[in-house]
Trainee: 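Sharing a structure here in C-alpha cells format.
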Protein chains: 2
Amino acid sequence: MSYTLHRGDALTVLKALPDECIDAVITDPPYNSGGRTSSERTSRTARAKYTSGDAAHDLANFPGENRDQRSYRSWLTELLTEAYRAATEHSVAMVFTDWRQEPTTSDALQMAGWTWTGTIPWIKPASRPRKGGFKQSSEFILWGVKGTLNKDRDLYLPGHFIASQPRKGRVHITQKPVEVMQQLVRICPEGGTVLDPFTGSGSTGVAALRERRNFVGVELSPHYADVADGRLRRELTQDDFVLAGPEA
Amino acid sequence: MSYTLHRGDALTVLKALPDECIDAVITDPPYNSGGRTSSERTSRTARAKYTSGDAAHDLANFPGENRDQRSYRSWLTELLTEAYRAATEHSVAMVFTDWRQEPTTSDALQMAGWTWTGTIPWIKPASRPRKGGFKQSSEFILWGVKGTLNKDRDLYLPGHFIASQPRKGRVHITQKPVEVMQQLVRICPEGGTVLDPFTGSGSTGVAALRERRNFVGVELSPHYADVADGRLRRELTQDDFVLAGPEA
DNA sequence: GACTCGCATGAATCACGGC
DNA sequence: CGCCGTGATTCATGCGAGT
C-alpha cells in the first residue's frame, strides 16, 4: 500500500491528475469556506429571511440571496467533474454534507456526471440538544456512481452509521471516526486507489491504508498537510512493523 | 381530545380550512419514488413497486403515486402553502420523504413559506441489502417552522429515530410506527391540533390522541378512510375506558 | 421465561424481454 | 434503439414457534 499527499489547491491538483487513475472519491468538502459567507453562517439563512410572508416563493427569483449557495454549487460541481474524469468506470464518489447543503450537494454530484445512488445518514449521538425542537445530530453522505454499480462484488455495506466524533487525540474540527471511514473505503476494490481532495487530518487515508487501498490526498493548509503526512506515514510503518513482527 | 377525518382530496379540503386553526402539520405525502425509469415510478401501483412479489399479506393500494418530479414539487408546494395559511405562528411542519425526493421536498417546503430547520433521519433496521454497495435503510423527515421556533417550551426532541415498520397488524404499505409518531406530535403544544393531509391508516392521528393533541386528517381512499376512522375511534374509546377505569 | 432456530418480508433494485 | 413493464434476486431483521 502507498499514499501520495499533494500540498495545494484541490481543483488545481485534480486538473493535473491523469484520466481514470482513481477507483473511489471519498471526501468532506469545506462547506463553510467554499462559497458561503460568514454572515450566512452567523445570521439566519438567506432563504429564511424571505420566506416569512404567506405567499409561495419561487427560489429562482432570489438570485442575490442564493449566490453563496450557488457559488458553492458551481465550485463543487467543477471539482466533482474533475474527480469524475480521473475516476475509472464503476467508481463511487462519497461526499459528506450537512442537512443545509444536502440539496445543493446532490445537484453538484449529479451535474458532475455521477449517478446519485443514495444518502447515508451518519448519526453523532453526542450532539447538543435543542430547546423547543428536534436536535440536529446527523450529517449525510451522498454517494454516486460513474456508470453503473459493480454488482459482481460480494459486498454488502451498511445503510447508516452511528459514531461519535473522535474525542481524544482529535486534531481537526471535522475529523471523522476512522471506523466509519474504514467501512466507506471498502466501496473501493481492494488494491485500488481512494482520492480525498480535502484530506484534512487524513482519516480517509488512514482508513484506506488499513483496508489495503492506496490513497491520493490533497490538502491546502500546510499545518494539516503535515498532520496528515505524519498520520499516514505512521500507518505505513505500523503496518510494516505488524508485517515484520511475526517473522522476528 | 377529538378528531376530524375529512374524506376527499387533500388540497381541496385544505383550501376550505380557516386560517390559523392548526398547530402542527405532520404528514407523509405519496412521493412517487421507487424506480429507475419514470415509467417504473409512474406506471406501477404503489403495491407493485414496494412489496415483494411473494409477500403473503394483502395490503390495499394507495392513490397518488403517479406524479413526475416537477409536478410533485408544484403540487406539494401548493399543498404546503395551504397548510402554512391554516397554521398558527410558530407552527412546525414535518414532511416524510425518501432520499430521492429530499431536495424536491426541501424546495417545496421553503417555497411554501416554511423556514426549513432540519432533516431527521428515520432508520429502518430491517431493510433490503444491496449487492455491491450501501443499502438504503432510511427515510427522512424534513421540518420547518412558520416564523420562529418557540424556544420557551421545555421540550427536547431526538435528532434521529431507529424503528422498524410495524410488521404484525400492519394495514398500510407505508404505515409508520406509532412510537415514532408519538415523538413527532410532541412538537405540537399539548391540547393543540395536528393536521395530516395524507392520513392513510391514521398513525399520526393515533399518536396525536395518545399524546393529548387534537387531530384533523384527510384521506382520499375510502378504504383507508374507514381504516383510519376505526383506529381513531378505538383510540378515543380506549382512552375513555382508561380514564373511566380507575374510577370504577 | 430467556433464548435459539427458522422463516417470511422489505416506500428495493436490477436484468431482461416486449412493444 | 430506447422506453416501458414484469419477474427474479438479496440478506439483515423481527416475529412466532419450540426448547
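Per chain, numbering begins at 1; letters A, B, ... match sequence-line order. Note that these values count all heavy atoms, side chains included, but never hydrogens, waters or copies made by symmetry.
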Trainee: Atom NZ of B:Lys131 to atom P of C:dA12: distance rounded to whole Å?
Mentor: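 Those two atoms, NZ and P, are 21 Å apart.
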Trainee: On DNA chain C, nearest-nucleotide positions of B:Arg167 versus B:Lys176: which is more 5'?
Mentor: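 Between the two, 5'-proximity favours B:Arg167.
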Trainee: In whole angstrom, what separates B:Ile173's CD1 from C:dT9's C1'?
Mentor: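 Result: 13 Å.
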Trainee: Taking 4.0 Å as the cut-off, does a side-chain nitrogen or oxygen of B:Ser164 come that near to OP1 or OP2 on D:dT13?
Mentor: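 So the side chain of B:Ser164 is outside the cut-off, no N or O lying under 4.0 Å from OP1 or OP2 of D:dT13.
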Trainee: Verify the contact: side-chain N or O of B:Arg130 to OP1 or OP2 of C:dC14, cut-off strictly under 4.0 Å; return yes or no.
Mentor: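 Checking B:Arg130 against C:dC14: at least one side-chain N or O falls below 4.0 Å of OP1 or OP2.
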Trainee: Quiz question: by atom type and distance under 3.5 Å, do the side chains of A:Glu211 and A:Gln183 form a donor-acceptor pair?
Mentor: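 On atom types as modelled, these side chains do not qualify, holding no pair under 3.5 Å.
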Trainee: Measure NZ/B:Lys124 against C1'/D:dT13 and give the value in whole Å, please.
Mentor: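 In whole Å, D:dT13 C1' and B:Lys124 NZ are 14 Å from each other.
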Trainee: Salt bridge check, B:Glu235 against B:Arg210: does any charged N sit closer than 4.0 Å to a carboxylate O?
Mentor: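 Judged by the 4.0 Å cut-off on N to carboxylate O distance, B:Arg210 and B:Glu235 do form a salt bridge.
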Trainee: Is any side-chain N of the basic residue among B:Lys15 and B:Glu78 closer than 4.0 Å to the acidic one's carboxylate O?
Mentor: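 B:Glu78 and B:Lys15: salt-bridged.
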Trainee: May I have the list of side-chain donor-acceptor pairs in residues 85-93 of chain A shorter than 3.5 Å, sequence neighbours left out?
Mentor:
residue, atom, partner, partner atom, Å
A:Arg85, NE, A:Glu82, OE1, 2.9
A:Arg85, NH1, A:Leu17, O, 3.0
A:Arg85, NH1, A:Asp19, OD1, 2.5
A:Arg85, NH2, A:Leu14, O, 3.0
A:Arg85, NH2, A:Leu17, O, 3.0
A:Arg85, NH2, A:Glu82, OE1, 3.0
A:Thr88, OG1, A:Ile22, O, 3.3
A:Thr88, OG1, A:Asp23, OD1, 3.2
A:Thr88, OG1, A:Ser91, OG, 3.0
A:His90, ND1, A:Thr148, O, 2.7
A:Ser91, OG, A:Ile22, O, 3.3
A:Ser91, OG, A:Asp23, O, 3.3
A:Ser91, OG, A:Thr88, N, 3.2
A:Ser91, OG, A:Thr88, O, 2.8

Trainee: Starting from P on C:dG10, measure out to NE2 on B:His172 and report it in whole angstrom.
Mentor: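 The answer, rounded to whole Å, is 14 Å.
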Trainee: Using the side-chain heavy atoms of B:Thr174, tell me which of these nucleotides is nearest: D:dT13, C:dA12, C:dA11.
Mentor: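 The listed nucleotide nearest to B:Thr174's side chain is C:dA11.
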Trainee: Are A:Arg70 and A:Asp107 close enough, and set up right, to give a salt bridge (Lys or Arg N to Asp or Glu O under 4.0 Å), and what steps lead you there?
Mentor: CA-CA 10 Å; A:Arg70 290 182 57 218; A:Asp107 283 349; over 6 Å; no
Trainee: Looking at B:Ile173, is its backbone amide N or carbonyl O close enough to the side chain of B:Gln165 to form a donor-acceptor pair, meaning the two atoms are under 3.5 Å apart?
Mentor: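 Judged by distance alone, yes, a pair lies under 3.5 Å.
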Trainee: Specify the separation, in whole Å, of atom CG of B:Asp28 and atom P of C:dA11.
Mentor: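 Taking atom P of C:dA11 as the reference, CG of B:Asp28 is at 11 Å.
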Trainee: Classify the ring geometry of A:Phe140 against B:Phe140: parallel below 30°, tilted from 30° to 60°, perpendicular beyond 60°.
Mentor: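 Rings of A:Phe140 and B:Phe140: perpendicular, as their planes differ by over 60°.
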Trainee: Taking only N and O in the side chain of B:Gln165, is any of them less than 4.0 Å away from OP1 or OP2 of C:dG10?
Mentor: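 The answer is no; no side-chain N or O of B:Gln165 sits under 4.0 Å from OP1 or OP2.
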Trainee: With a 6.0 Å cut-off on the ring centroids, do A:Trp114 and A:Trp143 count as close?
Mentor: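 Not close enough - the centres of the two rings lie 6.0 Å or further apart.
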Trainee: Aromatic rings B:Phe198 and B:Trp75: how do their planes relate, parallel, tilted or perpendicular, breaks at 30° and 60°?
Mentor: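 Tilted.
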Trainee: Please determine if a side-chain N or O atom of B:Lys135 lies less than 4.0 Å away from the OP1 or OP2 oxygen of D:dT10.
Mentor: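 No, no such contact exists.
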Trainee: Counting only N and O atoms by type, is there a donor-acceptor contact under 3.5 Å from the side chain of B:Thr117 to the main-chain atoms of B:Thr115?
Mentor: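 Such a contact is found between B:Thr117 side chain and B:Thr115 backbone.
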Trainee: Just compare C:dA8, D:dT10, C:dA12 and give me whichever is closest to any side-chain atom of A:Tyr156.
Mentor: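 Nearest listed nucleotide: D:dT10.
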Trainee: Please tell me which of A:Leu149 and B:Ala126 maps to the more 5' nucleotide of DNA chain C, matching each residue to the nucleotide holding its nearest heavy atom.
Mentor: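 Between the two, 5'-proximity favours B:Ala126.
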Trainee: Measure all distances between protein nitrogen or oxygen atoms and nitrogen or oxygen atoms of nucleotides 3-6 of chain C, and list the pairs falling under 3.5 Å.
Mentor:
none

Trainee: What is the distance, to the nearest angstrom, from the CG atom on A:Leu157 to the P atom on D:dA12?
Mentor: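 In whole Å, D:dA12 P and A:Leu157 CG are 12 Å from each other.
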Trainee: Can you tell me how far C1' of D:dC11 sits from CZ of B:Phe134, to the nearest Å?
Mentor: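 So the CZ-C1' distance, B:Phe134 to D:dC11, works out to 17 Å.
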Trainee: Please convert DNA chain C into dot-bracket. A pair counts if it is Watson-Crick or G-U wobble with both distances under 3.5 Å; crossing pairs go in [ ] and bases paired with another strand get |.
Mentor: .|||||||||.||||||||
Trainee: At less than 4.0 Å, is any side-chain N or O atom of B:Arg170 found next to OP1 or OP2 of C:dT9? Yes or no.
Mentor: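 It does not, given that no N or O in the side chain of B:Arg170 lies less than 4.0 Å from OP1 or OP2 of C:dT9.
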Trainee: Grab the CD1-P distance between B:Ile123 and D:dA12 for me, whole Å please.
Mentor: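 So the two atoms are 17 Å apart, to the nearest Å.
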Trainee: Roughly how far apart, to the nearest Å, are C:dA11 and C:dC7 at atom P?
Mentor: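 It comes out at 23 Å once rounded to the nearest Å.
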